[in-house]
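What follows is one structure encoded as structure tokens, with my remarks underneath.
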Protein chains: 2
Amino acid sequence: MSVSALTAGNSLSVPKRIVIAGMEGCRACSVCEVRAHGICSALNDDELSQLAQAAVRVTIPPGRQLIEEGSPADEFFNITAGTVKLFKSLPDGRRQITGFVGIGHFLGLAVSDRYAFGAEAIDQVRLCRFSRERLETVIDEFPRLERRLRNEAANELVAAQDQMLLLGRKTARERVASFLYGQITELYGDDIPQTAKLHFPMTRADIADFLGLTVETVSRTISGLRREGLITTGASHEITVPAPSRLRTIASGEE
Amino acid sequence: MSVSALTAGNSLSVPKRIVIAGMEGCRACSVCEVRAHGICSALNDDELSQLAQAAVRVTIPPGRQLIEEGSPADEFFNITAGTVKLFKSLPDGRRQITGFVGIGHFLGLAVSDRYAFGAEAIDQVRLCRFSRERLETVIDEFPRLERRLRNEAANELVAAQDQMLLLGRKTARERVASFLYGQITELYGDDIPQTAKLHFPMTRADIADFLGLTVETVSRTISGLRREGLITTGASHEITVPAPSRLRTIASGEE
DNA sequence: CGAAACCTTGAAGACTTTCAAGTAGCGTGG
DNA sequence: CCACGCTACTTGAAAGTCTTCAAGGTTTCG
């Protein structure tokens, strides 16, 4: 389901842009929008063109699942646009989103032969697709890539540990503040402005599944933060934060 | 505090076994108890002796902290005996244990220059210590090691995702069952016996901090499982599981 | 424009926590 | 050898945070 869905998604959503394996990718990489990000930044142009031969670029419409939990892990992805949610589910439907990943993110670092998580496009997503086999070949030739992947994994691990602290020990208020502050740092990096304007793609349900809460609690908590003057809400996916540092304080459990 | 504490721990706890940097390690590796585990299994004897020159073996008494959250990450560790708990804390003392790690585990895969987590010995722990610098040198020479580290990180990532699902979406009962079943698989691998006997080193408080619960809830839940006949309790760190598969069912949220 | 999906708010309920007290295990020392 | 003190574990009762159930309002998109 997962892989075929992906292929179908490509041909259905961008019929005018048929991708021929190994061709378009070959051209695209050196001028790719994520040339400077993710694993690609670890390679020079020559090396990149080798990688390109293993890549296919595809576009995924919002809501389409690109990886199904437990399906054979024979592909890797590199996101070039949009946002993907990663998740795990229980048999009765309870769901935990383990992360939102965007531009430059490398997806599919599974060790086993099956994906341990699902992945679904939140908005329109573009990505490069590699077969596991071909990527491994390229990796063997470029040790730098290997290190890059290790660092990528290590970074994700740090984020996962933060999220475990959040899920295991933070209150609803602290969780929502953490989420919002996380969105701020993702958007602005270390250069946080006095007033941050956010426009995120995920729904309240996504946020709830990410924070281990219900939609109602997320909604109520956001309303609470608004009443306190800590945030201003525009459209449902737009939030303005007049004093990000106050949010950071709450997020880290200091009040 | 962390590194000095470690050194102090070594000299204080095993005064008769003074370790000379690069010497004992050099001998020990090829006959090491974890020769076949962890990163060492990725190397042949020759390569290993190179690695050994960068290693110092130390022993840590129970309760001693070997890594302090936020301290400079200039060392890596490879555990050869005992169990270590990894954790993150909030300013007010709330604590989340992100994992228990034992024999063969490689510790310190930080990308930043500071540890993002703390680490404390649960029982008596032995480990190999490397300076970050020296390990990186060895890694550069052995690409296999690099891949090994990536796989290690990928495996941890899978475990972290499981834990996020647990913390965000499982009930107390499911969490405790998950913990116990996890202990079973760690001890027996894929070959689960009809009746599993467990003897784990962590306290109820550790388990609580791992599962995002309080000690009281852990205790009550274990009592509940016992009343249901799902487990038998001996000494406080000993539990017998007459039907592991039932526990697995509960752990995965199927009842 | 209208159906559907999404978001918000209220009230009742549930699971877990908090507070409290008692029991048990263990190492030290009289 | 047993008392003492400490830490760990267990159990009960009350309290609290978050969830569940329910309904109304809003946005989105064909």
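Reminder, nothing fancy here: chain letters follow the sequence lines and each chain counts from 1.
Taking atom CG on A/D123 and atom C1' on C/dC6, their separation rounds to 17 Å, with Å as the unit.
Residues B/K85 and B/D209 are not paired through a salt bridge, judged by the lack of any N-O separation under 4.0 Å between the basic side chain and the carboxylate. A salt bridge between A/R114 and A/E68 is absent, with no side-chain N of the basic residue lying under 4.0 Å from a carboxylate O of the acidic one. With salt bridges taken as basic N to acidic carboxylate O contacts below 4.0 Å, none links B/R246 and B/E254.
In this structure, B/K88 contributes its side chain and B/G118 its backbone to no donor-acceptor pair below 3.5 Å.
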Protein proximity profile, nucleotides 10-25 of chain C - base contact B, sugar-phosphate-only contact S, no contact -, cut-off 4.0 Å on heavy atoms: BB----SBBB------
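Residue A/I207 holds its CD1 atom at 14.0 Å from CZ of A/R175, rounded to the nearest 0.5 Å. Atoms CD1 and CG, from B/I250 and B/L230 in turn, are 4.5 Å apart once rounded to the nearest 0.5 Å.
Over its length, the helix from C/dC1-D/dG30 to C/dG30-D/dC1 turns its helix axis by 40°, as judged from the five terminal pairs at each end, rounded to 10°.
For A/F106 and A/F76, the gap between ring centers is short of 6.0 Å. Between A/F87 and A/F100, the gap from one ring centroid to the other reaches at least 6.0 Å.
For the pair B/I122 and B/P201, the tightest heavy-atom approach, listed with the atom from each and the gap, is CG2-O, 3.5 Å.
For DNA chain D, the contact window with chain A, defined by any atom under 4.0 Å from a protein heavy atom, covers D/dC18 to D/dC21 in 5' to 3' order.
Counting non-hydrogen atoms under 4.0 angstrom, B/S219 reaches a base of the nucleic acid.
By the 4.5 Å heavy-atom criterion applied to side chains, B/R169 and A/R95 are not counted as neighbours.
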